[in-house]
Colleague: 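Got a structure for you, written out below as structure tokens; questions coming shortly.
Throughout, residue positions are numbered sequentially from 1 according to the sequence presented. As the structure is a prediction and not an experimental result, all values here were calculated from the model.
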Amino acid sequence: MIVGAGFGGLQVVRKLEGAEVDIVVVDQRNHHLFQPLLYQVATASLTPSEIAWPIRAMVRDRSEVSTVLGTVVGVDTEASVVRLSDDGTIPYDTLVIATGARHAYFGHDAWEAFAPGLKTVEDATRIRGHILLAFEKAERESDPSRRAALLTFVIIGAGPTGVELAGTIADLARDTLPPEFRSIDTHMTRVLLIEAGANVLPGFPGDLSDYARRALEKLGVEVALGQAVTDVTAGGVTFGDRRIETETIIWAAGVRASPAAVWLDVAADQNGRILVQPDLTVPGHPEIFAIGDTIAITAPDGSPVPGIAPAAKQGGRYVARVIRARLTRKPIPAPFRYHHDGSLAQIGKRRAVIDFGWIKLRGALAWWLWGIAHIYYLVGVRARLSVALNWLWIHFRNQRSARLITHNPKRLGDEI
Ligand SMILES: Cc1cc2nc3c(=O)[nH]c(=O)nc-3n(C[C@H](O)[C@H](O)[C@H](O)COP(=O)(O)OP(=O)(O)OC[C@H]3O[C@@H](n4cnc5c(N)ncnc54)[C@H](O)[C@@H]3O)c2cc1C
């Protein structure tokens with residue numbers, strides 16, 4: 001049984017093709033989501049169906065794989081069953097936990113209501129509605145300070161997601177929207193990126209981080225570094241000694257593992273991630289593996305394995321190899337070793353930074369490579385063609401086709 005059809009879980013399914021196993025995939029959603037491009041849905045560049053695919057469709061040709069739509073709420077390791085939120089249970093022989101992570105607000109859970117994070121398709125379409133509605137309301141607002149607050153967008157956290165969101169909102173305001181609004185000049189939009197650390201893209205080499213900051217500033221993004229946010233309310237955000245009035249705050253600052261460690265009653269780190277064994281099994285349970293964002297493990301050089309898609313996929317591949325070895329009574333592979341292939345981030349619609357270790361790239365060439373790499377990892381020809389066409393359209397014509405307000409966001413939408 002594989003719980004979670006994200007990057008890690010699906011990799012186990014793929015790599016067990018042809019093995020003598022029956023596989024049950026359990027997920028609380030009916031789709032696999034390509035999270036690295038979720039911010040493009042939130043900023044009206046792509047539609048959800050370009051970056052998410054029904055799990056059933058993805059395994060349709062694998063008759064040994066069945067799919068269950070259900071939310072796991074516990075694991076009974078004595079009885080070898082997982083418990084679902086509807087009180088159902090499903091038995092397993094071997095269990096792979098790949099349930100990922102969710103937002104974390106560092107003990108300030110009340111902030112979530114005012115500063116939503118980006119994790120699901122619903123989060124993305126809600127944020128998209130929120131951003132677009134802010135421009136609509138600003139167009140009709142006569143009070144200058146209210147209008148300024150509507151045209152101020154604050155992103156908390158300058159990792160790749162924060163940088164990508166900030167750059168794309170700036171592009172939207174500067175390039176896509178200006179010809180369509182009559183009362184407001186959308187060039188007046190303020191995009192503010194707040195980061196508690198000393199630089200944007202902290203995981204990147206210093207020169208690429210500096211380049212990213214300068215590129216953001218060229219797009220008109222205000223970057224506030226070394227300033228932790230101390231308060232988030234319905235109308236604004238406080239950081240350092242400043243308070244900014246804004247109607248839109250997006251949280252891109254922290255994640256916490258799924259509660260899998262609680263289900264299994266095993267040790268976890270401060271972010272709730274299971275401290276797995278070197279073969280990715282859960283301590284005391286050789287029949288249970290855990291992979292991806294829900295575990296804490298170190299790379300060969302002693303650094304923590306990052307919570308990114310390649311790490312989850314590599315974990316999935318490794319677990320499939322261990323399962324195959326057990327089935328065929330072959331020697332168990334050597335302990336899991338994470339290999340870091342590189343880090344990529346887009347800055348607005350024409351620039352990116354890439355760190356492959358052996359080579360570092362930035363600017364327009366990096367953007368093209370970033371685009372090709374992401375298109376390659378999408379699922380299916382239709383999504384690849386559609387995303388490529390959309391990006392070329394945005395790149396050359398500044399038009400974004402997914403500008404739909406489909407949610408009634410909690411605060412901004414109340415008056416619609
Ligand atoms: C906005 C955003 C941008 C990102 N950008 C990048 C990037 O550019 N590059 C990169 O490499 N990584 C990026 N990441 C991180 C990357 O997406 C994760 O590291 C990766 O998805 C982890 O894979 P996983 O299999 O552990 O979990 P996930 O891919 O998150 O999959 C977890 C699955 O488990 C399911 N699930 C969770 N709880 C339950 C439950 N209780 N019951 C049943 N099912 C459950 C979920 O529905 C989901 O399908 C980004 C993440 C986010 C949120």
Colleague: Could you give me the CA-CA distance, side-chain angles and deciding distance for Arg29 and Glu122, then say whether salt bridge (charged side-chain N to carboxylate O under 4.0 Å, His left out) is met?
Modeller: CA-CA 11 Å; Arg29 306 192 172 267; Glu122 291 86 345; 3.1 Å; yes
Colleague: Distance alone, cut at 3.5 Å: any donor-acceptor contact between the side chains of Thr47 and Glu50?
Modeller: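 The answer is yes; a qualifying pair exists.
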Colleague: Go through the structure and list residues passing side chain to side chain donor-acceptor pair (under 3.5 Å) with Ser343, not counting sequence neighbours.
Modeller: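 Counting only residues at least two positions away or on another chain, Ser343 forms a side chain to side chain donor-acceptor pair (under 3.5 Å) with His340.
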Colleague: So Phe34 and His374, would you call those rings parallel, tilted or perpendicular, with 30° and 60° as cut-offs?
Modeller: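 Perpendicular, since the angle between the ring planes exceeds 60°.
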Colleague: For residues 216-243, pull every pair meeting salt bridge (Lys or Arg N to Asp or Glu O under 4.0 Å), keeping only residues two or more places apart or in separate chains.
Modeller: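 Pairs touching residues 216-243 that pass the test: Arg190-Glu222, Arg213-Glu217, Arg243-Glu245.
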Colleague: With a 4.5 Å heavy-atom cut-off, do Thr152 and Glu247 have their side chains touching?
Modeller: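 In short, these two side chains do not touch, never coming nearer than 4.5 Å.
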Colleague: Please tell me whether Arg83 and Thr89 have a donor and an acceptor in their side chains that are separated by less than 3.5 angstrom.
Modeller: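 Side chains of Arg83 and Thr89: no pair found under 3.5 Å.
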Colleague: Under a 3.5 Å threshold, yes or no: a donor from one side chain and an acceptor from the other, between Tyr39 and Gln346?
Modeller: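 On atom types as modelled, these side chains qualify, holding a pair under 3.5 Å.
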Colleague: Run the side chain to side chain contact (heavy atoms under 4.5 Å, CB included) test against Ala19 and tell me which residues pass, sequence neighbours left out.
Modeller: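 Counting only residues at least two positions away or on another chain, Ala19 forms a side chain to side chain contact (heavy atoms under 4.5 Å, CB included) with Leu16, Val21, Arg324, Leu327.
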Colleague: If every non-hydrogen atom of Ile291 is compared with every non-hydrogen atom of Gly316, which pair is closest and at what distance?
Modeller: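 Closest heavy-atom pair between Ile291 and Gly316: CD1-CA, 3.7 Å.
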Colleague: Would you check if there is a donor-acceptor pair between the side chains of Thr294 and Ser258 at a distance under 3.5 Å?
Modeller: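 The answer is yes; a qualifying pair exists.
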Colleague: What pair of heavy atoms forms the shortest contact from Ala345 to Glu164, and how long is it?
Modeller: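 Where Ala345 meets Glu164 most closely, the heavy atoms are CA-OE2, 3.4 Å.
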Colleague: For the ring pair Phe153 and Phe135, is the centre-to-centre distance below 6.0 Å?
Modeller: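 Close enough - the centres of the two rings lie under 6.0 Å apart.
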Colleague: I need the full list of salt bridge (Lys or Arg N to Asp or Glu O under 4.0 Å) pairs touching residues 262-276, with sequence neighbours left out, sorted by first then second residue.
Modeller: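 The answer is Asp269-Arg273.
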Colleague: Can you confirm whether more than 12 heavy atoms, excluding those of Asp93, are under 6.0 Å from its CG atom?
Modeller: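 Not more than 12 within 6.0 Å, no.
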Colleague: Is it the case that more than 12 heavy atoms not belonging to Asp86 sit under 6.0 Å from its CG atom?
Modeller: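 For Asp86, atom CG is crowded (more than 12 foreign heavy atoms under 6.0 Å).
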Colleague: What pair of heavy atoms forms the shortest contact from Leu118 to Ala124, and how long is it?
Modeller: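 Leu118 and Ala124 have their closest heavy atoms at CD1-CA, 3.6 Å.
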Colleague: For a quick test of reading the model, state the closest non-hydrogen atom pair linking Gly272 to Ala261 and the distance between them.
Modeller: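 Taking every non-hydrogen atom into account, O-CB, 3.9 Å.
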Colleague: Should we count CZ of Phe106 as having more than 12 external heavy atoms under 6.0 Å?
Modeller: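 Above 12, so yes.
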Colleague: Quick one: which of Val25, Val26, Val24 gives a side-chain contact (heavy atoms from CB on, under 4.5 Å) with Ser66?
Modeller: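 The single option meeting the side-chain contact (heavy atoms from CB on, under 4.5 Å) with Ser66 is Val24.
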Colleague: Have Thr168 and Asp171 got a donor and an acceptor in their side chains that come within less than 3.5 Å?
Modeller: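 Thr168 vs Asp171: no donor-acceptor pair found between side chains.
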Colleague: Taking atom OH as the centre, does Tyr376 end up with more than 12 heavy-atom neighbours from other residues, nucleotides or ligands that are less than 6.0 angstrom away?
Modeller: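 Not more than 12 within 6.0 Å, no.
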Colleague: For Trp391, run the ring-ring contact (aromatic ring centres under 6.0 Å, His included) check against Phe396, Trp370, Trp368 and tell me which one passes.
Modeller: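 Result for ring-ring contact (aromatic ring centres under 6.0 Å, His included) with Trp391: Trp370.
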Colleague: Between Arg128 and Thr406, does any side-chain donor sit less than 3.5 Å from a side-chain acceptor?
Modeller: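 Per modelled atom types, Arg128 and Thr406 side chains form a pair under 3.5 Å.
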Colleague: Going by side chain to side chain donor-acceptor pair (under 3.5 Å), name the residues that satisfy it together with Lys119, two or more places apart in sequence or in a different chain.
Modeller: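 If we apply the side chain to side chain donor-acceptor pair (under 3.5 Å) test to Lys119, skipping adjacent residues, the hits are Gln35.
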Colleague: So do the side chains of Phe336 and Arg317 get within less than 4.5 Å of each other, counting heavy atoms only?
Modeller: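 A side-chain contact under 4.5 Å is absent here.
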Colleague: Anything under 30° is parallel, anything over 60° is perpendicular, the rest tilted; go ahead and classify Trp53 against His32.
Modeller: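 Because their plane-to-plane angle is under 30°, the rings of Trp53 and His32 count as parallel.
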Colleague: Under the salt bridge (charged side-chain N to carboxylate O under 4.0 Å, His left out) rule, collect the residues that match up with Arg60, sequence neighbours excluded.
Modeller: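 With neighbours one apart ignored, the set is empty.
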